[in-house]
Q: 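My structure is below; once you've seen it, I'll send some questions.
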Protein chains: 2
Amino acid sequence: MSTDGSRPLYKEVKLAITRILSAGEVGGGDAIPTEKQLSERFGVSVGTIRKAIDELVAERVLIRQQGRGTFLAPLSPERMLNYFWHIVRKDGTREVPIVQTLGFQGVPADAETAARLGIPPGAGIFRIRNLLLLGGEPVIIDDIRIAQAMFPGLTEADFVSRDTTVYGLYQSRFNVSVLKAFDRLSAVAADPASAKQLGVALSTPLLQIDRIALTFEDRPVESRRSLLLTDRYEYHNALTSEEH
Amino acid sequence: MSTDGSRPLYKEVKLAITRILSAGEVGGGDAIPTEKQLSERFGVSVGTIRKAIDELVAERVLIRQQGRGTFLAPLSPERMLNYFWHIVRKDGTREVPIVQTLGFQGVPADAETAARLGIPPGAGIFRIRNLLLLGGEPVIIDDIRIAQAMFPGLTEADFVSRDTTVYGLYQSRFNVSVLKAFDRLSAVAADPASAKQLGVALSTPLLQIDRIALTFEDRPVESRRSLLLTDRYEYHNALTSEEH
DNA sequence: AAGTGGTCTAGACCACCAT
DNA sequence: TGGTGGTCTAGACCACTTA
């Protein structure tokens with residue numbers, strides 16, 4: 001491998017490694033080739049390989065373990081809680097939610113969902129509705145939409161019986177690694193259906209969270225709308241580039 | 001400089017550089033010594049200096065400019081908008097708010113504010129209330145509390161006549177660089193005073209944002225509560241470690 | 001003991017900025 | 001032209017894991 005004059009060599013190496021991961025040959029938690037192997041394969045120094053991997057580690061795509069190797073980051077429940085779960089009890093404690101699946105349908109995508117997921121309007125999607133319990137109480141309603149093409153053969157049973165998080169399921173069953181997400185938050189009044197499911201009065205203020213989850217090359221994986229009851233829980237956001 | 005056996009050398013160097021910046025000898029936008037100078041001063045290789053600076057750049061404390069030097073990050077309006085301003089119009093466009101100062105008082109700190117700011121209860125604070133306009137309409141109410149000890153001699157005129165953001169004022173007048181912030185979001189119903197100031201009906205759902213802003217060594221700078229009207233604007237959060 | 005990533009060094013050369 | 005940071009190399013040695 002050599003630079004084409006425009007891009008630094010380590011950026012080329014980073015892209016090459018990303019393509020290997022993106023192709024799905026490597027599953028979550030699997031080791032990638034060692035730095036020495038990569039340096040020989042690409043014909044560059046180990047320092048250049050390290051710089052490419054440094055960036056992928058900073059982006060949480062890879063995990064390095066001294067003495068063991070470098071691995072495609074597994075979407076373990078622990079990692080999920082650290083990186084993609086921002087809902088915290090007001091006393092500061094964090095909990096893993098209990099999920100009750102309320103509905104699972106295969107339907108054609110409406111125009112807005114199609115645009116969000118980057119698929120043609122009318123293409124098949126799965127729509128999943130969940131009620132999430134925290135501290136034994138219903139606190140969140142989730143409405144999840146994913147493309148059937150990306151998750152072929154997914155069934156309601158997969159969702160109900162999974163022993164991991166939703167993103168862990170995407171990775172372990174379909175080799176789809178969620179790497180980033182974008183949340184848009186606003187305050188809304190509870191509609192009758194939501195109020196009933198959450199056990200609160202009509203028009204109670206709720207925190208609405210619209211999320212798009214992305215995998216490699218910023219391909220959309222999931223569009224999700226959450227409604228959060230913020231009497232005992234709130235949404236936390238750390239405005240810092242490190243030490244999450 | 002040499003390692004004490006427990007910490008890597010570049011971490012020691014990073015700490016030493018941080019202390020120089022934290023002492024306030026270097027103002028926002030000022031250059032720090034060159035990599036070569038630092039390498040001679042600390043008696044380590046340039047590579048080690050670079051690794052220390054790499055981390056400080058990743059944390060947005062420093063900014064490197066090829067051919068010019070390395071600088072303490074200035075809290076320019078542009079940077080603020082990128083890193084500490086998460087309120088976006090629903091069509092995706094970003095605006096700089098117009099600020100109207102509604103109140104400026106020097107008062108003793110209540111227990112909760114004292115705890116948040118890390119000062120003794122009863123110590124003097126400034127409390128500033130602002131109304132923020134976006135698209136010509138009132139959209140946000142801000143309630144800011146800062147320690148008088150950290151901002152000696154601050155006056156209402158400073159706030160009203162400033163030609164920069166609030167964080168830019170902290171840095172240019174008092175050498176206080178805001179480096180991180182933590183936001184806690186919840187949905188609340190508009191109380192009578194807020195409803196009147198924002199020009200909406202009583203009990204309109206509002207997005208409440210409680211922020212703590214921190215400087216070097218995680219010292220608290222500011223405690224702020226914002227109330228955001230989310231009919232045309234929303235709060236954006238990117239769950240990713242890079243490319244903000 | 002062998003293999004992995006982690007740290008540190010020394011130096012070459014390049015790209016960019018100021019003057 | 002001289003000085004800055006940016007890239008890339010080659011190699012030594014250390015810390016940790018696995019067998």
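Quick note on labels: first sequence line is chain A, next is B, and so on, each numbered from 1.
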Q: How close or far is atom C1' of D:dG6 from atom CD of A:Glu55, stated in whole angstroms?
A: 12 Å
Q: Report the distance from atom NZ of A:Lys51 to atom P of C:dG5, rounded to the nearest whole Å.
A: 19 Å
Q: Of the residues in residues 25-33 of chain B, which ones touch DNA chain D at a heavy-atom distance under 4.0 Å?
A: none
Q: For a quick check of understanding: with a heavy-atom distance under 4.0 Å over all strands, which category does B:Val46 fall into, base, sugar-phosphate or nothing?
A: nothing
Q: Any side-chain to backbone donor/acceptor pair from A:Gln171 onto A:Ser76? Under 3.5 Å, distance only.
A: no
Q: Keeping B:Glu55 on the side-chain end and B:Ala52 on the backbone end, is there a donor-acceptor pair under 3.5 Å?
A: no
Q: Tell me whether the OP1 or OP2 atom of D:dC8 has a side-chain N or O from A:Ser45 closer than 4.0 Å.
A: no
Q: Given side chains that start at C-beta, do those of B:Ser39 and B:Arg41 come closer than 4.5 Å, heavy atoms only?
A: no
Q: Under the side-chain hydrogen bond (donor to acceptor under 3.5 Å, both in side chains) test, which residues partner B:Asn237, sequence neighbours left out?
A: A:Tyr235, A:Asn237
Q: Could you give the CG-to-P distance, from A:Leu38 to C:dT4, as a whole number of Å?
A: 11 Å
Q: Using atom CD1 of A:Ile49 as one end and atom C1' of C:dT4 as the other, report the distance to the nearest whole Å.
A: 15 Å
Q: Between A:Arg116 and A:Glu222, does a salt bridge (charged side-chain N to carboxylate O under 4.0 Å, His left out) hold up when you go through it step by step?
A: CA-CA 8 Å; A:Arg116 285 166 162 275; A:Glu222 176 201 82; over 6 Å; no
Q: Under the salt bridge (charged side-chain N to carboxylate O under 4.0 Å, His left out) definition, can you give me all pairs with a residue in residues 154-171 of chain A, not counting sequence neighbours?
A: A:Asp158-A:Arg173
Q: Apply salt bridge (charged side-chain N to carboxylate O under 4.0 Å, His left out) to A:Arg89 and A:Glu95, showing your working.
A: CA-CA 8 Å; A:Arg89 197 189 225 128; A:Glu95 294 165 67; 3.1 Å; yes
Q: Listing time: all N or O pairs from protein to nucleotides 1-3 of chain C that are below 3.5 Å?
A:
| from | atom 1 | to | atom 2 | distance (Å) |
| --- | --- | --- | --- | --- |
| C:dG3 | N2 | A:Gly67 | O | 3.2 |

Q: Do the side-chain N or O atoms of B:Thr70 get closer than 4.0 angstrom to the phosphate oxygens (OP1, OP2) of D:dT4?
A: no
Q: So, OP1 or OP2 of D:dT4: does either fall under 4.0 Å of a side-chain N or O from B:Lys36?
A: no
Q: Report yes if the side chains of B:Leu214 and B:Val178 come closer than 4.5 Å at any heavy-atom pair, otherwise no.
A: no
Q: In terms of side-chain heavy atoms of B:Arg64, which of C:dC8, D:dG5, C:dT9 is nearest?
A: D:dG5
Q: Could you tell me the separation between the OH atom of B:Tyr10 and the P atom of C:dT9, rounded to a whole number of Å?
A: 13 Å
Q: Sequence neighbours excluded, which residues qualify as side-chain hydrogen bond (donor to acceptor under 3.5 Å, both in side chains) partners of A:Gln148?
A: none
Q: Is the distance from OP1 or OP2 of D:dG5 to the nearest side-chain N or O of B:Arg50 less than 4.0 Å?
A: no
Q: Measure CD/B:Glu35 against C1'/C:dC16 and give the value in whole Å, please.
A: 14 Å
Q: Can you measure A:Glu40 atom CD to D:dT9 atom C1' for me and round it to whole angstrom units?
A: 15 Å
Q: Please tell me which of the listed nucleotides, C:dT7, C:dC8, D:dC8, lies nearest to the side chain of B:Leu9?
A: C:dC8
Q: Going by salt bridge (charged side-chain N to carboxylate O under 4.0 Å, His left out), name the pairs with one or both residues in residues 24-36 of chain A, residues two or more places apart or in two chains.
A: A:Glu35-A:Arg50, A:Glu35-A:Arg64, A:Lys36-A:Glu40
Q: In whole angstrom, what separates B:Glu12's CD from C:dC8's C1'?
A: 14 Å
